[in-house]
Structures are given as C-alpha cells and as structure tokens.
Amino acid sequence: MLEVRDISVRFGGVKALTDVSFTVKAGSISALIGPNGAGKTTMFNVVTGFVSPVAGSVKFMDKDITKAKPHRVFNSGISRTFQNLNIIPELSLRENMYLGIIGRDKPSVLKSAFRLNKQYWKTTSDEIDTFLEFAGVQDFQHHRPSSVPYGVLKNFEMARAVISKPKLLLLDEPAAGLNMAEKERLAGIVRKVSADGITILMVEHDMQFISSLAQYVVCLNFGEKIACGTYDEIRNNQAVLKAYLGDEDA
Amino acid sequence: MRKINPFPALIAAFILAAVGLTVENEYYLGVAVIIMIHALNATGLNILLGYTGIISIGQAAFFGIGAYISGVLSATYGWNALLTFPVAFMGAFIIAYIIGWPVLRLHGHYLAMATLGFGMIIYILMNEMDFITGGPSGLMGIGDIEFFGLYFGLDQAYFVLMSVYFVFVLFMLELFDKSFLHYKLKFIKSSESASNSYGLDTVQTKLLVFAFVAGFTAVNGSLYAFFVHFISPVSFSLKYSIELVAMATVGGLGYITGGVIGAVILGLVPELFASAEDYEMLIYGGLLAVCVMFVPGGIAGTLSRLRKKDA
C-alpha cells in the first residue's frame, strides 16, 4: 500500500536519511523503530509531505506522493498524529474533532454560514459522537485540553485521526508518556482501528507496545535501514541489538 | 453547528436607534459614524489577528487604498459613489493577494515587520503621487453617496446609512463566527502543521482571509471618504494601524464583538479628554498596558468568561 524507495534526506550537511526503502502492506500494523536521532520522525515527515527528500520516491496506492504538499497527502488518504499532540487549547475536545472533518469534507463556506446545509452538520455531529465513544473519551468532550489527563488526550487524538477516514494512519510515538494501564487502553484502540481496515504505521520506542501490536518492524539507525522483518526476527537481529545496546566490548 | 447569538447586533441596533432619535447635534452624530468605521476596521483586524493569527500592522494602508480609490474616482472622474465601492474592494483585494503571496509565509515578528513596511510604502506613495492623490495637502471635492433617489449628504442621513450597514455587518459576522470557518481559522492559528496534515490548505486560506479583510477595510475607507469629503495621507499613517491593533486587543482578540468594544472605548478617548489632548497617547498606552496585563482576552473575553461562570 505504501512504498518507500531509496529515500535520502539532507539537512545541510547532516545525512538524516540515506537510501531507506520499505513497504507497508494493506491492512497491516507496522512499526518504525530505532534509537534517538535515527531518522524515524524525518521519515514520517517525508511521507506526509513536510520534508522534501533529495532522492527517492514515496508511492501510496500506486500514486506518487513524493513531492506532494501535506494537505494533498491527506487528501490521498493518509492521516497522522503528532508527538506533541497539536490539540487546539482554546477549543473543547468536541470542537477539536472538527479538524478531522473540515479537511475531509471541505464543506461549502456560504451554505454553512447561511445555514443551508443543516442536515449535513447534524450528521456530522452524530458522527463525532460515534467516534468520541469509539475512543472512550465522550465524558471529556466539553473540556478544554488543559483540564484533561494526558492519556485521554492521546486517545482523543486517535478519534480525531480516525474520523478523517484515512486509509493509512501514521502514529508518531503513540505510547510515549503513558502508564501501563493507559498503554493497554491505547493498544486496544489501535487494534480496533486496525480491525476497521485502516492500515497503521507507527514510530515507537516502547518494545512491549510494539510486540503486542506490530506485525512488521523496520529498524533505522543513523538514517539507514539496518533491519526489517517480524518482531521476533528483529528482536534477535544482531545489528538491532548493537544499535540499542552497543557493542559487546564497548 | 452552534446557536446564533443575535444580541450583539440587536444591542448595537438599539443603541444606534436611541442615539439617532435623541442626539440632534451633528458633531456627535459625526463622532458616532467615525467610531463605527473604526469598529469595522478593528473587527477586520480581529479576524486576522484574533482568529487566523495573522498580525498585520498595515491595515491603515488598505483603509487608505479604499478611501483614495473612491475619492479619486469621485472627485477627479466624477463617478457615481456607489460604483466606486466594488472597485475599492477589488483593488485592495488584488493588492493584498499579491502582497500576501510572499509575505504570509512569514510568521510572528517577521510578518509584523513586513506588513509594517507595506503600510509605510503605501503611506509614502500617497504623499508622493500628488498628481493622483493631491499629495500631503489632500484630496478635495469628493462627492456624496446617492442612490434610488436617496441622498446621503447630510450627517443625519449618513448616520442612518452607516448604522444600517454596521448592524448588517455585525449580523454577518455572527453568522461567520458560528459557522465552521471559526474552527478552521482557529485551527490554522494554533497549529499550521496540524491543519496541513488534516487537509487544510493553510497558505490558500490565509491568503483569501487576508485579501478579503483588505477588501472589507477598503470599503470602510470608501465610506470614510464619502463622509468626510476630504482625505489626506495623515489619516492612513502607521499611527492608525497601531490604534487598530490597540482597539482589537483591548476589546478582545478572537471575539466577534472585540473590535467594536475596543473601538468604542478608544474612539471616545480623544472626545472625552479633548481638554487633555497632549496626553492622548499616554491614556491610549495606559489602557493598552492595563488590558494586556490584567484583562487577558480583552473586555469581550472577560465578559464571555463571566457569563459562562453564571450559567
């Protein structure tokens, strides 16, 4: 479904990514792992159009999206979450859900201002109810993000991403900063999303979280792909162990 | 879809009707017209700064562009006043679109500096292009608004015209505020990258908002020109741009009534303290400082917080 081929990114003289290739199969849950600074988030930014690669190509459902702008990437069916959440502080969680809808449907400005499409907004409101419930955050819907626990915001972000009806969902460190119970809840939501037929690619540090979810793992280090395969293959891979734990004689 | 709150427009209509019926002094009616024009300009800036997060210190330039387009077309070429309004709107819209293309890619201080520079360039052009604008000594002989046999040369008549337009705009703003555009612009304001990755074309949206507000501000400029019949560059200097920022901030950024409240308060300062004219800027600055420090969200923001607490 997603085909990344020979992607290279340079930030000035820094080689952020060098010739990275991998594919994500439709319907799967895949993970991108690697130590800090390995280029995982840069890879995400390449796929979502925030960073332009100097070489290589990204294909999504047989369409080339290498140089596409972020909003065009979204239109082709890719949504993402952010490490720093990006939930608008001055609006309630429920109002924040509209971000997932406005970009998806592009409702008419004039019709909406003069309230000629009441039926559409009624349907939308019901849809928001469904997805808030889906992520289990309906109790917090009228709160502002500042008065809601971090774990709930993480779940909320899943609801907002899924309501935009993506085909591929990119999760940037979904488990970071969560306790065990919250991680399990989030893993449950990720499984539900996957069961709904949405393909998932995530960047994650938490190996336990990955082991319970990901079917396919790609490992990066210093901007290069050092291994890929199933979780068990990766866990016993010497290059991966070296990247995470250092050399034996070090 | 959120419920429409008709009260701001109704209250404004009520106050304006009361003023129109009781005040006979033409001077005070004139002050009311000018304050309404300030209020519309400040509201336009509020949409930029309070909703979309575009800081513009060049709004006086668009106000002036509108005033001069209408003024020149009326005084020099003898156009019917009404026909000059669409020209003023389109003129400012196109100029803003062209300026905005490179400038709106900047953020924060850089955007402020760029719009400030634009405002100063327009101000210099108004002064130097005296073969069109009349230069520093101003442009005279601007006609009156006249349509369908109605004549708006007298201050009373102009006050009525302005009031009707003002209440109409307030109502349209309420419709805008309660539509999804409110969310769209606030998403762009607080995170462009999140808006982008949720399919909003932030560059295009910001450009259209900037250009539309420029056009709207230019129409206010035309209304100003046909009211005072004499315009000179002084009215469109950097000082006025900064006054608009002060009005929007004191009134309440991000609230539809913010610009209006700020314009009424700051617009009355020169009238109430006419005897202390030398200290006008001091009072201005003081009010602004007090508001920023002690009344975050401005007066409209504080009112809305108080109302929510009661409910």
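Lettering of chains follows the sequences in order, A, B, ..., and the numbering in each one begins at 1. The basis for the numbers below is simple: all heavy atoms, side chains too, and nothing from hydrogens, waters or symmetry mates.
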Is there a donor-acceptor pair closer than 3.5 Å between any side-chain N or O of A:R10 and the backbone N or O of A:A16?
-> no
Give, as side chain, backbone, both or neither, the part of A:S76 having an atom under 4.5 angstrom from any heavy atom of chain B.
-> neither
Interchain contact, B:S193 with chain A, by part (heavy-atom threshold 4.5 Å) | both
Bottom line for A:L91: the part with an atom under 4.5 Å from chain B's heavy atoms is side chain
Are A:R80 and A:F82 in a cation-pi contact, defined as NZ or CZ under 6.0 Å from the six-membered ring centre and within 45° of the axis?
-> yes
Which answer fits A:V109, side chain, backbone, both or neither, if we ask what part of it has an atom under 4.5 Å from a heavy atom of chain B?
-> both
Option that, when pairs with chain B are counted at under 4.5 Å, heavy atom only, ranks first among A:P107, A:G100, A:A161, A:S79 = A:P107
Does any donor atom in the side chain of A:T124 or A:R104 lie under 3.5 Å from an acceptor atom in the other side chain?
-> no
Quick one: what part of A:S164 sits under 4.5 Å from any heavy atom of chain B, side chain, backbone, both or neither?
-> side chain
Using a cut-off of under 4.5 Å for heavy-atom pairs, which of A:T48, A:N96, A:T81 has the most such pairs with chain B?
-> A:N96
Step through it carefully: locate the ring centre of B:F118, locate the ring centre of B:F62, and say whether they are under 6.0 Å apart.
-> yes
What closest approach, in Å, do A:V9 and A:V46 show between heavy atoms, and which atom pair accounts for it?
-> CG2-CG2, 3.5 Å
Is the Lys NZ or Arg CZ of B:K189 less than 6.0 Å from the centre of B:Y51's six-membered ring, within 45° of the axis?
-> no
Would you confirm whether the ring centroid of B:F63 sits within less than 6.0 angstrom of the ring centroid of B:Y224?
-> yes
Side chain, backbone, both or neither: which part of B:L200 has a heavy atom under 4.5 Å from chain A?
-> both
Checking heavy atoms, do the side chain of A:K69, its backbone, both or neither come under 4.5 Å from chain B?
-> neither
